[in-house]
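To start, the structure itself, in C-alpha cells.
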Amino acid sequence: MRRHFPLLLVLTLAGSMVAAPATAADDLPFRDPTLPLERRVSDLLGRLTLPEKLGLLHQSQDAIPRLGIPYHKNGTEALHGVGWSNDLNDNWNQKLARGTVFPQALGLASTWDPELIKRVGTAVGDETRGHNAIDPVLWGLQVWAPVVDPLRDPRAGRNEEGYAEDPLLTGAIATAYGKGLQGDDPFYLKTAPVLKHYLAYNNEVDRSLTSANLTPKLKHEYYQQAFKSAISADAATGVMASYNLVNGRPNHVNTDLNEVVRSWTDKTLYNVSDAWGPHALTDLEKYFDDKPEAFAAVLKSGQDSFTIDGSDDGPLVENLTAALDRGLITEADVDKGVGHALSIRFRLGHFDPDGGPYKKITADVINSPAHQRLNRETAGKAAVLLKNSGVLPLKSPKSAAVLGPLADKLYSDWYGGAMPYQITPLDGVKERVPGVTTGEGLERVALKHLESGKYVTATGTGPDDNAALTDTTPTAASQWDLTDWVSGISTLRNAGNGKLLGGDWRSLDTDDAEPNGWYVQQQFALERQSDGSHLIRYAGFENVESWYGLPDPYVTVTADGTLGLAPKAQAARFAKEVVSDGIAAAAEQARKAEVAVVVVGSHPWVSGREFHDRSDLRLGDGQKRLIEAVRKANPNTVVVLETSYPVIVDAPTLLWTTHAGAETGHAVADVLFGDVNPAGRLSQTWYAADDRLPSILDYDLAKTGMTYLYHQGRELYPFGHGLSYTTFGYQGLRVRGEQVSVKVTNTGEVRGEEVVQLYTHQRRSRFQQPVKQLRGFQRVTLDPGASTTVTFPLKRSDLAVWDHTRDTWAVEPATHDILVGSSSDRIRQRTTLRVGGEKIPPRDLTKTTRAMNFDAYEGVTFADETKVSGDVVAGSDGDWISFTDSVHGAHLTAGVASVAGGAIELRRGSPTGALLGTAQAPATGGVYTWVTTTATVKPGKGDLYVVFKGDIRLKDLTLTG
C-alpha cells in the first residue's frame, strides 16, 4: 500500500549521500571504542567543518566520506512493530515494513504487564535491526516510539497511539517498551527510542494553532509525569516536540526540552522536532518573523534535529548559517546540538569498526516464529472482557455463525506495518468449530436520485471513472455495501467492482479497495431528512484544509450526470433503498447456529486519525442494529468489539480488543474458548454519554472532570475494568513502613490472572485532590484455590503534591485512603494511612507572586511572557483569578502588558465582592512589552480575586505595606 503525503506534512526521512567507506579514518580516535564517549564526540566534532556540523542537525544526515561516516536517517516508526520509513529518494510515500505487527499501543497498555511489554519492545528492536541489516539507508535505528501523551480525551484522533489516561500506567508501559527497544547493554543501543510528543498534545483539530492551557499543578502532576518516568529510567534517548502550543508558546520552542527534560537523567538526550514543526513557527503560527530567527529558537530550546524538507538539508543549513551571521546563535550552540546527535550515533555503534554488539542481528528475526507466538500471547493478554452473561467461555460448540464487518478482516493503522499473514476472527473460530457460517451483516443499498429517478452507479475502477447517474433500475454497479463505523461516518463499497466510493477532489469515483491515504477520501455520512430522503455529506479528511475551499461539502449531481461535491444548499436528495438486508440474513444465520460471534468496531483510518478528531464516540447505527438482531435471534451471542478507542455500545457478553495485528483471530479464539482466561484491563474511562463531555480543547482535567482521576459522572466501563472466568478474593490489607500488602486468592475453579490495583485518596488538602489515583499494579497468575501476597512500594514522597503557592513538591500532613481492588470502581480492601508532612502556609502576597500560581480562575487564558520563557495570565472584561487563604498589604505592584490598556480590580471573597482597589494598566503597545503598575488597596487576609478589565496580561503581583 502506498500512503501519500501532502506537501506540508511529508515526513522527512532521507539524505543526499548514502555510503561512506572508511579508509584513512579507521585509526582516528573517534573510532576507538575503548575511549570515553565524551572524548570520541569531542574528537569527531573537532574534525567537522561548520557546513558538515549544520547538516548533522537535519533528520537526514549526509555521509561524510573523508571521515568514513555513513549516511544516517532518524525516525523509523516503531509504535507497535516496525511500521514504516521513507526512502532517501522518495519522501512522498511510506515504505511499509513487512514484519510483526503487535496490538496497537492502547492494547499493549491494556495488558497492564510491563514484563510482557518489555519482551514486545525487545522483539521490535530486533526487527528494526533486522530491517537495518537489509537496508541501512531506509531503516534508521533512531525510532520514534513510544507515544506517552496521556489519553485525556478518547475523541482525540491519535488515541490508539497512546497507552493510558493515567500517568503512572503510561510511564510504566513506556519504560518497559523503551527498555526493550534499547536492549540491555550498559552503553550500546539496539535502537534509540524517542518519546512522542512533548507536551499536552491531545487534540488534532487545528493542532498547530491551538494552545493547551496548563495550570502549574496539572503540568507537574499529570502532563509531565509519563515523560519523566521513562526518561529518568533511561528508557528513551530523547523526546519529540509536539505540534501544539502550551500556554501560548509553540512546543517547538519550549525550553523545557533543555531545562526540564534533560534534568531528569544524567544521560545525553537527543531531542527532535516533529515533521515540519520548525516551519510551522513562521508559516502557520506566525510566531517569528523569519526562518533564521525561528530555527535559531528551535536549536536554543533544546532540539537537536530538524525534521524538515525531505532529504534536503539545504534550507536548514542556509537558515542556520543566516542565524549565525546575525548573532542569533553561536557555533557553540551548534556544537552542543551536534554533540547530542553524535553521542547517540556512537551508542548505536555507527563509528565502531565492528558496528557494535547489535550489528550481528540479521533479517532472520523479522516475523520469526518466536515473534508470532509473542504476538499471539500479547493479543490474548490485551483482550478485555467487558461483560459476560455466562456465554463465555464457549464449550465446544458444533456450529457457529461468525458475523460482522470485522469478522474476516484485519486492519493496521497509520503507524502500523504490513502484516505478512492474517488470522482473522473467522479463521480462529474455524480452527475450533466444525460448522461455521459467516457474513458481513451489512445492508446492500441503492441510492436513487429523487429528481431524476436514476441510481448512483460506478463506471469503472480508474481515477477518471467518475460515479454517475446511469442505471434506472439497480444493477450490481449501482448497489453499495454500507458500513457504518463510528460517529455517523460510513463507507460505501460497490457490489459490482468491490471498490469504495471516494472523493477525487471535486468528483467521486471507485478506485480504492480500502480507506487509505493521508486524506482518507472514502468517508461519507448519510443524513436522513424529515421527509425520509437522505443527503450525503462528504467526510474526506481534506475538507478541513484551508486550501480546500469547500466547507461542509455534500454530494451533488453535475450537468453531465456525474457525481460531484458542492455546498449543502446544492446537495442532491437521495432515497436509500435496501436491496438486500445483510442484517436480517446474519440474524437468520445466528438463529441456525449453536453460538453467534458478532465482530464489530472501528476502522483505524476512518472517523478520526492523525490531524482529525472524532465528533462523538457512538458505534455506527448499522453495527448496533446488527448486534441487536443477532442477539434477538440467538441468546448465545458474543460481541467482539475491535476499536482504537472507547465507544458507546453495550451487549450482555462483550469482549474488547484493539486492532491487534496478524494474530488477532487466534488471540480472540483463545479467549472465547477459554484457553486464555481474560485479564486485560481498560486503560481509559469509557464514558456513558459523550454529549456531556467538555470541549476537547480544554486541558484542565480537574475543572472539567475528565479521566478517572476527576470524573464523578456515570461511566459505561471504568478505568481498570476487566472481567475473568474465575473469581478472586482479597484479604488482609496492611500498610507497614513504605509497603502495602494484600493477600489475593483464586476463589474460582479455573486458573486465571488478576490485575491487582492500588489507589490512594488524600482526604484533606490545601489543593484539589483526585477522586482516587493509581499508585501501583501487579498482574498475578493463580491456580484455583491458590493465594499470593501482593506487595506494593508506597513511599512518602509518592504522595507529594505540587504546591503552586511555593513552586515545589510538598507532602502535606493528611489521612490517605489506601484502596486495593480489581478496578478503579471495584475496591475490595481499604484502610487508612496517616502521613506526616508540612502544612502549606497561608499565601504571603507581600512577596512577589507569579500570576500563574493562582488557586482558581474563570475565563482567562494562559500566555507566554516572552518568546523564550515565562507563563502569564491573559484576561479581558470580567475574567478573574483568585488567591486563596492569602495575606496582603496595601501597596500593589503588578507587572502588566496590554496593547490597548485596561485595569485590574482587587476584590475580596468573590469576583463581585468588596472592591479593595484598582490598578490601571497602560497601553504598552504589545503583549511582550511589560510595565509596572501600582495602586493603593485595602490590606487584609482571606481570598483575594483579581478581576480583569480590558485586555490585560498579568505577569506577577506584590502587595506590600
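Position 1 is the first residue of the sequence; numbering continues from there. Since this is a predicted model, take the numbers as computed values, not measurements.
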Going by heavy atoms in the side chains, are Tyr687 and Leu693 under 4.5 Å from each other?
-> yes
Does Arg444 pair with Asp481 as a salt bridge, N-O distance under 4.0 Å?
-> yes
Indicate the ring-plane relationship of Phe719 and Tyr708, choosing parallel, tilted or perpendicular according to the 30° and 60° boundaries.
-> parallel
Does Tyr717 reach the side chain of Trp656, with side-chain heavy atoms less than 4.5 Å apart?
-> no
Between His197 and Tyr201, how do the two ring planes meet: parallel, tilted or perpendicular, split at 30° and 60°?
-> perpendicular
Kindly indicate whether a cation-pi arrangement holds for Lys196 with Tyr415, taking the cut-offs as under 6.0 Å to the six-membered ring centre and within 45° of the axis.
-> yes
What residue among Arg376, Lys381, Arg373 forms salt bridge (Lys or Arg N to Asp or Glu O under 4.0 Å) with Asp670?
-> Arg376
For the residue pair His659 and Thr664, establish whether any side-chain heavy-atom pair is separated by less than 4.5 Å.
-> no
Between Trp414, Trp605, Phe541, which is the residue that forms a ring pair (Phe, Tyr, Trp, His ring centres under 6.0 Å) with Trp518?
-> Trp414
Does the side chain of Gln522 come under 3.5 Å of the side chain of Thr491 through a donor N or O and an acceptor N or O?
-> no
Looking at side-chain heavy atoms only, is the closest gap between Tyr725 and Pro678 below 4.5 Å?
-> yes
Nearest non-hydrogen partners of Ala226 and Val148, listed with the distance = CB-O, 3.9 Å
